[in-house]
Amino acid sequence: MTIAIVGGTGAEGSGLALRWARAGETIIIGSRDGRRASEAAEKLFSRVGTTSAGGKISGAENKTACQSADVVVLTIPFESHAEMLKELKLALRPGQILVDATVPLAVSVGGRPTRILGVWQGSAAQQAAELAPEGVAVVAAFHNTSAEVLQHDGPVDCDIIVCTDSKEAGGKVRTLARKILGVRAIDGGRLENARIVEQITALLIGMNIRHKGHSGIRITGLPTEAYEK
């Protein structure tokens with residue numbers, strides 16, 4: 001799959017790009033500034049190395065990046081969320097998967113990063129589903145993954161909870177998540193459950209501030225196949 005990461009010049013987006021490129025995926029870094037995206041792609045490519053599994057990394061303006069992709073991943077601040085989706089609407093097409101990692105943190109309106117804003121639709125992911133073109137499968141995932149940990153070389157000690165109303169898209173995103181060393185991916189149910197997963201991020205941020213760490217989550221007590229589907 002070709003993966004476009006909107007917000008790919010940021011810490012979370014570039015961290016995901018690095019991990020997937022190392023796993024052999026084709027990555028397009030998206031940015032409002034195509035030149036900035038290309039520069040970020042060059043830096044990431046130098047970190048991927050020359051292993052046989054290394055995938056391709058390029059950069060492009062957001063709309064161009066999305067038009068070329070099978071999967072589009074949003075890793076942007078909530079304050080840009082609705083505006084960005086409106087800008088990308090003509091670039092998205094039926095059959096694509098839109099993965100939304102956005103968290104509606106209160107810091108986007110000058111509040112604390114440990115608090116969540118109320119979203120009329122229920123969650124940022126549900127807002128994305130309302131704004132995305134018909135036929136685009138919206139999947140909520142990667143909210144609780146530390147950008148700092150993604151940027152390092154070791155395993156990512158975190159489970160990825162994937163919420164969506166599309167069984168097929170959910171399966172593809174869980175497979176993609178498992179390509180990141182150390183990650184387990186779990187079916188979190190329908191897209192409406194994204195509001196719960198998004199709120200966990202604020203809790204983790206609070207713990208990171210308090211304990212000076214980079215926390216993630218692990219879900220225990222499930223049968224082995226729950227982490228493999």
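Quick caveat, the model's predicted, so the values are computed rather than measured.
The two residues A141 and V99 have their closest heavy-atom pair at CB-CG1, 4.1 Å. The two residues H152 and R22 come nearest to each other via the heavy atoms O-NH1, 4.0 Å. The minimum heavy-atom distance between A82 and L131, with the atom names listed, is CA-CD1, 3.8 Å. For the residue pair V139 and A169, the shortest heavy atom distance occurs at CG2-CB, 3.8 Å. Closest approach of V138 to A129, counting heavy atoms only: CG2-CA, 3.7 Å.
In the hydrophobic clustering of this structure, V71 groups with I180; members are Ile, Leu, Val, Met, Phe, Trp, Tyr whose side-chain heavy atoms approach within less than 4.5 Å, directly or through other members. V103 and I217 fall into different hydrophobic clusters, where Ile, Leu, Val, Met, Phe, Trp and Tyr residues are linked whenever their side-chain heavy atoms come under 4.5 Å apart, directly or through other members. There is no path of hydrophobic side-chain contacts, each under 4.5 Å, that joins L176 to I28. Cluster membership for V162 and L150, using ILVMFWY side-chain heavy atoms within less than 4.5 angstrom, is shared. L191 and L74 end up in the same hydrophobic cluster when Ile, Leu, Val, Met, Phe, Trp and Tyr side chains are linked at under 4.5 Å.
By the 4.5 Å heavy-atom criterion applied to side chains, L105 and I205 are counted as neighbours. Counting heavy atoms from C-beta on, the side chains of V173 and F142 come closer than 4.5 Å. A 4.5 Å side-chain heavy-atom check between M84 and R32 finds at least one atom pair inside the cut-off. No side-chain heavy atom of V149 sits under 4.5 Å from any side-chain heavy atom of D157. No side-chain heavy atom of E79 sits less than 4.5 Å from a side-chain heavy atom of V109. For the pair D187/K229, no side-chain contact is recorded, criterion being any heavy-atom separation below 4.5 Å from C-beta on. At least one side-chain heavy atom of Q127 sits under 4.5 Å from a side-chain heavy atom of F78. Contact of the R19 side chain with the K179 side chain is not registered, since no non-hydrogen atoms from C-beta on lie closer than 4.5 Å.
In R93, the CZ atom is crowded: over 12 heavy atoms of neighbouring residues, nucleotides or ligands sit closer than 6.0 Å. Dense packing is recorded around CZ of R184, with more than 12 heavy atoms of other residues, nucleotides or ligands lying under 6.0 Å away. At most 12 heavy atoms of other shown residues, nucleotides or ligands fall within 6.0 angstrom of atom CG in L90. Around CZ of R178, the count of heavy atoms belonging to other residues, nucleotides or ligands within 6.0 Å exceeds 12.
The closest donor-acceptor contact from the side chain of D70 to the backbone of T2 lies under 3.5 Å. Using a distance-only test at 3.5 Å, with no hydrogens or angles considered, no donor-acceptor pair links the side chain of T164 to the main chain of G170. Between the side chain of N193 and the backbone N or O of G188, at least one donor-acceptor pair lies under 3.5 Å. With hydrogens and angles disregarded, no donor-acceptor distance shorter than 3.5 Å links the side chain of W20 to the backbone of I27. Between the side chain of Q96 and the backbone N or O of C66, at least one donor-acceptor pair lies under 3.5 Å. A donor-acceptor pair under 3.5 Å is formed between the side chain of N62 and the backbone N or O of S31. A distance-only check finds a donor-acceptor pair linking the side chain of Y227 to the backbone of I219 [under 3.5 Å].
In this structure, E39 pairs ionically with R35, as a charged nitrogen and a carboxylate oxygen lie closer than 4.0 Å.
Counted by atom type alone, T102 and D100 present one or more donor-acceptor pairs between their side chains at under 3.5 Å. Residues S14 and Q151 have side chains that bring a donor and an acceptor to within less than 3.5 angstrom of each other.
The one candidate from V48, I5, L18, T26 that meets the side-chain contact (heavy atoms from CB on, under 4.5 Å) condition with I57 is V48.
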